[in-house]
Enquirer: 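Quick one: the structure is below, and I'll ask about it shortly.
Please read all numbers here as calculations on a predicted model, not as lab measurements. Note that these values count all heavy atoms, side chains included, but never hydrogens, waters or copies made by symmetry. Note that the numbering runs from 1 along the sequence shown for the chain.
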Amino acid sequence: MRFVLNLISIISFSPFITDVTEEQIGENIKLLKKHQWFQNYLSNEEYRRLIIKDKDVREVIGRFNNKKMDNDSYHTKFQKKLHNVLIKRSKSMN
């Protein structure tokens with residue numbers, strides 16, 4: 001019983017979860033526009049619409065750490081994460 005209460009208290013205490021602001025999303029989109037792979041997403045009408053309007057896609061964009069973007073492994077990881085959420089949200093719209 002005590003274990004369950006501790007687990008519930010840990011789960012409910014979530015200081016590591018932060019809200020993403022529109023400002024963060026805008027700044028990150030501005031930085032991402034410098035990359036050809038992101039430009040390719042913007043040239044696809046469906047992905048562009050998701051990037052502009054979809055809450056889940058925008059949250060992923062807002063959460064990426066722009067200070068780590070120069071790191072190739074982080075860049076690749078983020079690119080895959082964004083690609084996966086675009087695919088997922090695109091399928092759910094159809």
Enquirer: Which residues pass the side-chain hydrogen bond (donor to acceptor under 3.5 Å, both in side chains) test with Asn40, not counting sequence neighbours?
Expert: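 Per chain and number, Asn40 pairs via side-chain hydrogen bond (donor to acceptor under 3.5 Å, both in side chains) with Gln36.
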Enquirer: Looking at Ile61 and Phe38, what are the two nearest heavy atoms and their distance?
Expert: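 Looking at all heavy atoms of both residues, the shortest contact is CD1-CE1, 4.4 Å.
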Enquirer: Kindly write out the residues that satisfy salt bridge (Lys or Arg N to Asp or Glu O under 4.0 Å) with Arg89, not counting sequence neighbours, or none if the list is empty.
Expert: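 Per chain and number, Arg89 pairs via salt bridge (Lys or Arg N to Asp or Glu O under 4.0 Å) with Asp54, Asp56.
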Enquirer: Please name all residues satisfying side-chain hydrogen bond (donor to acceptor under 3.5 Å, both in side chains) with Glu22, sequence neighbours left out, ordered by chain then number.
Expert: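 Listed in chain order: Arg58.
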Enquirer: Quick one, Phe64 and Leu32 - any side-chain contact, counting heavy atoms below 4.5 Å?
Expert: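 Phe64 reaches Leu32 side chain to side chain.
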Enquirer: Specify the closest pair of heavy atoms between Ile51 and Val57, including all atoms of both residues, with the distance to one decimal.
Expert: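 Looks like CA-CG1, 3.9 Å.
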Enquirer: Not counting sequence neighbours, which residues clear side chain to side chain contact (heavy atoms under 4.5 Å, CB included) with Asn84? List them please.
Expert: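 If we apply the side chain to side chain contact (heavy atoms under 4.5 Å, CB included) test to Asn84, skipping adjacent residues, there are no hits.
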Enquirer: Please list all pairs passing the salt bridge (charged side-chain N to carboxylate O under 4.0 Å, His left out) test where one or both residues lie in residues 36-52, with sequence neighbours left out.
Expert: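 Matches after skipping sequence neighbours: none remain.
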Enquirer: List for me each residue that meets side-chain hydrogen bond (donor to acceptor under 3.5 Å, both in side chains) alongside Thr21, sequence neighbours excluded, and say none if there are none.
Expert: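 For Thr21, the residues satisfying side-chain hydrogen bond (donor to acceptor under 3.5 Å, both in side chains) (neighbours in sequence not counted) are Gln24.
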Enquirer: Examine Tyr41 and Ile87 and state if one hydrophobic cluster contains both, with Ile, Leu, Val, Met, Phe, Trp and Tyr joined whenever side-chain heavy atoms are less than 4.5 Å apart.
Expert: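 Linked, Tyr41 and Ile87 end up in one cluster.
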Enquirer: Is a side-chain donor or acceptor of Asn28 paired with a backbone partner of Gly62 at a separation under 3.5 angstrom?
Expert: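 Pair found, side chain donor or acceptor close to backbone of Gly62.
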Enquirer: Any salt bridge (charged side-chain N to carboxylate O under 4.0 Å, His left out) involving residues 25-37? Give me the pairs, sequence neighbours left out, ordered by first then second residue.
Expert: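 Sorted result for residues 25-37: empty, none.
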Enquirer: Would you please name every residue forming a side-chain hydrogen bond (donor to acceptor under 3.5 Å, both in side chains) with Asn44, sequence neighbours left out?
Expert: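 Here no residue qualifies.
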Enquirer: Are Ile25 and Leu42 connected in the hydrophobic side-chain network, where two residues link if heavy atoms are under 4.5 Å apart?
Expert: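 Ile25 clusters together with Leu42.
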Enquirer: What distance do Leu50 atom CG and Lys88 atom NZ have between them, rounded to the nearest 0.5 Å?
Expert: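 Rounded to the nearest 0.5 Å, the CG-NZ separation comes out at 12.5 Å.
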Enquirer: Which atom pairs, one a donor and one an acceptor, fall under 3.5 Å between side chains of residues 73-81 and the rest of the protein, sequence neighbours left out?
Expert:
unit_1, atom_1, unit_2, atom_2, d
Ser73, OG, Asn71, OD1, 2.8
Tyr74, OH, Asn65, N, 2.6
His75, NE2, Trp37, NE1, 2.8
Thr76, OG1, Asp72, O, 2.9

